[in-house]
Amino acid sequence: MKQKKFPAAQLAEAFAPIDRQFANLLARLSAASPEVKLAAAMVSQQCRLGHICVDLDEYETKPPPMELAVALGATGWPKKSVLLQRLKKSPVVGAPGEFKPLILDAQNRLYLQRYWQYESELAAAILRLATGKIPSLDAQKLSAGLRRLFPAADEKKINWQLVAAFAALRRRLCLISGGPGTGKTRTVVVLLTLLLEQNPALKIALAAPTGKAAARLQDAVKNALATLACEPAIKDRLPATASTLHRLLGSIPDSANFRHTAENPLPFDAVVVDEASMVDLALMAKLVAAIPLTGRLILLGDKDQLASVEAGAVLADLCNGGEPRQFSAAFDKEFKTVSGQTLPAESGITSELADCIVELQRNYRFGDRSGIYQISCAVNAGDSEKALAILQASGNSPGGQVSWKTLPPPAALKTTLKPLVLARYQAYLQAANPAEALVAFGRFRILCALRHGPYGVENLNRLVEEILAEAGLIDASEIFYADRPVMIVRNDYPLKLFNGDIGFIRRNENHGLRACFSGPDQTLREILPLRLPAHETAYAMTVHKSQGSEFEKVLLILPKDDSAVLTRELVYTGLTRASAEVELWAEPEIFTTSVRRQVSRRSGLREALWAKP
């Protein structure tokens, strides 16, 4: 077979250096089998792209691009039957449970060994938690607590927050999913109150994937306490602080391992994790392994948001990809006993795990007629035509909750941005003190799909700096200039600065520059700019980096050219970062294409959790 010619640059980009090195290593260990070399490179590449494994059955019907094979010196991709035969005979490929670099399971899924280990251990631990029995509850006390903490419950209309609280008390695992404004944090505060009323000695930990998300969880819990109808002693027992998952588990310098493991579990009876959609497979496996045998795990998140940056889409897999579920007859009966309400009849999978998952359905932030609510629902459903129609209709009424503008050409981008930037960032730059500046800056953000290119974060931050400098609002002639907003991109535990933390450079009374960050109890922390860990300017940020954040107003910019990162999950996440108003700049074709494209990460976790017995 004659080998097809590809440009050298295209071949160079087909695989990353680590993919090539890994493939070459396994080829040497397996008697230079070309099929194993191709498979090894493909598995490494797919893990970098967020997949847990390579589905060789899918490979048969949809072969990878030819340039991938040519990049490794092959003439093309072998047939699946040949590839499977070579893999099964290779000394570097093993069956599940064997200690080999690559694992091939019975469903023809090929894994890196450690990811097969993470997946199998996580599935077993999740099912253990879902089926784990709990001490008997005081049904009378629970019933009274539900009535007191959910006083507006309507017997004719199910309060799904109440259902979630009940589900969390009933099992050691509870997963509460819902979009922004559905009350996930209030629900968790209520259910923790109910748990403490059952057992006042309960030890509880609050955590999130990033420092920013942990701070928001901490603030939300504090705000919810003000209206909580319970004894002061119970309020005092509720945790006042939240930490990052890495800090909770105990990071070990220069290691992927943690101090808390199955052999050294966390010293808590209940662990609450917010923004669970951001947690990748490896971290989730290590977290669940560290939950004590008698402990509880409560996960909060939005299954429709972007998946984790690293490999896996764990929250979506736990929720069975949004497929219909129904509660068991036992769940329905127990819920009616303690609440007096009857759950609506539904059809779908019934299992112990299904009894642990509740999706909050009422949005308390947006009304049904809200533009943000309507377009987010349309995007979530993949209805690109309806979503575009909502945008185009709202574009005629500037200042509404949703507005749309055709993407300006790169040459006109600065001019188009100028009035918006001056209007949105002027209050931040003219704030009387650092505390006011932090609040003002948090009201607006520019969100981008990409980092590079004319419509990427790097260029947008540069243009915003130019606009503000030309207006005399900043002097950006130095790297650390007064009023420069910065976002931390690497954890620094000694400084207590974490990935995603937002601060700004400020000139103090002695005319020295300091980086200011919000500390516990809204106190302000000042740090010398040169001591900051890795960081970047934050007028604009990627949608990925915005996860766990909320702004009053958002400008979401999609690029002119299509890209694999443009998905409905990205559009949905960007739109729902706004609590009051969102403006979208995009080409209609790019927007509709993005809404139609859905993230699909390959793994065996969903099947392991939801396969029929």
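When reading the values below, keep in mind they use all heavy atoms of this one structure, side chains included, and skip hydrogens, waters and symmetry mates. Start at 1 with the first residue, then count along the sequence.
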In terms of ring plane angle, is the pair Y425 and Y428 parallel, tilted or perpendicular, where the classes change at 30° and 60°? perpendicular
Shortest non-hydrogen separation from [X] to [Y] and the atoms involved:
X	Y	result
L391	S403	CD2-O, 4.2 Å
P209	V279	CG-CG2, 3.7 Å
L360	T182	CD1-O, 3.4 Å
Q401	I372	O-CG1, 3.6 Å
F517	G503	CE2-N, 3.4 Å
R170	F331	NH2-N, 3.6 Å

Euclidean distance, [Y] [atom2] relative to [X] [atom1], rounded to 0.5 Å:
X	Y	atom1	atom2	result
L287	L248	CG	CG	7.0 Å
L122	L281	CG	CG	6.0 Å
Y539	F441	OH	CZ	7.0 Å
I298	L191	CD1	CG	4.5 Å
L353	R325	CG	CZ	8.5 Å
N380	D304	CG	CG	3.5 Å

Do any N or O atoms from the side chain of [X] and from the backbone of [Y] form a donor-acceptor pair under 3.5 angstrom?
X	Y	answer
R171	C356	no
S308	G312	yes
R172	K133	yes
R237	L202	yes
D501	M487	no
Q341	K336	no
W610	L318	yes
Q161	T187	no
Q305	Q547	no
R577	V554	no

R259/N264 under side chain to side chain donor-acceptor pair (under 3.5 Å): CA gap, chis, key distance, verdict: CA-CA 7 Å; R259 287 191 291 274; N264 179 32; over 6 Å; no
How far apart are the C-alpha atoms of R424 and E552, what are their side-chain angles, what is the distance that settles it, and do they pass the salt bridge (charged side-chain N to carboxylate O under 4.0 Å, His left out) test? CA-CA 11 Å; R424 296 287 187 252; E552 286 183 17; over 6 Å; no
Would [X] and [Y] pass as an ion pair if we require N to O under 4.0 Å?
X	Y	value
R216	E550	yes
E197	K141	no
K303	E359	yes
E275	K184	no

Between S328 and D355: side-chain donor-acceptor atoms closer than 3.5 Å: yes
Any side-chain heavy atom of I134 sitting closer than 4.5 Å to one from L137? yes
Test log, rule salt bridge (charged side-chain N to carboxylate O under 4.0 Å, His left out), inputs D269 and R296: CA-CA 6 Å; D269 302 302; R296 297 171 182 266; over 6 Å; no
Could you check whether atom NZ of K496 has more than 12 heavy atoms from other residues, nucleotides or ligands sitting under 6.0 Å from it? no
Answer yes or no: are there more than 12 heavy-atom neighbours, outside R490 itself, under 6.0 Å from its atom CZ? no
Residue of the set D274, V273, T241 for which side chain to side chain contact (heavy atoms under 4.5 Å, CB included) holds with L217: D274
With a 6.0 Å cut-off on the ring centroids, do F166 and F335 count as close? yes
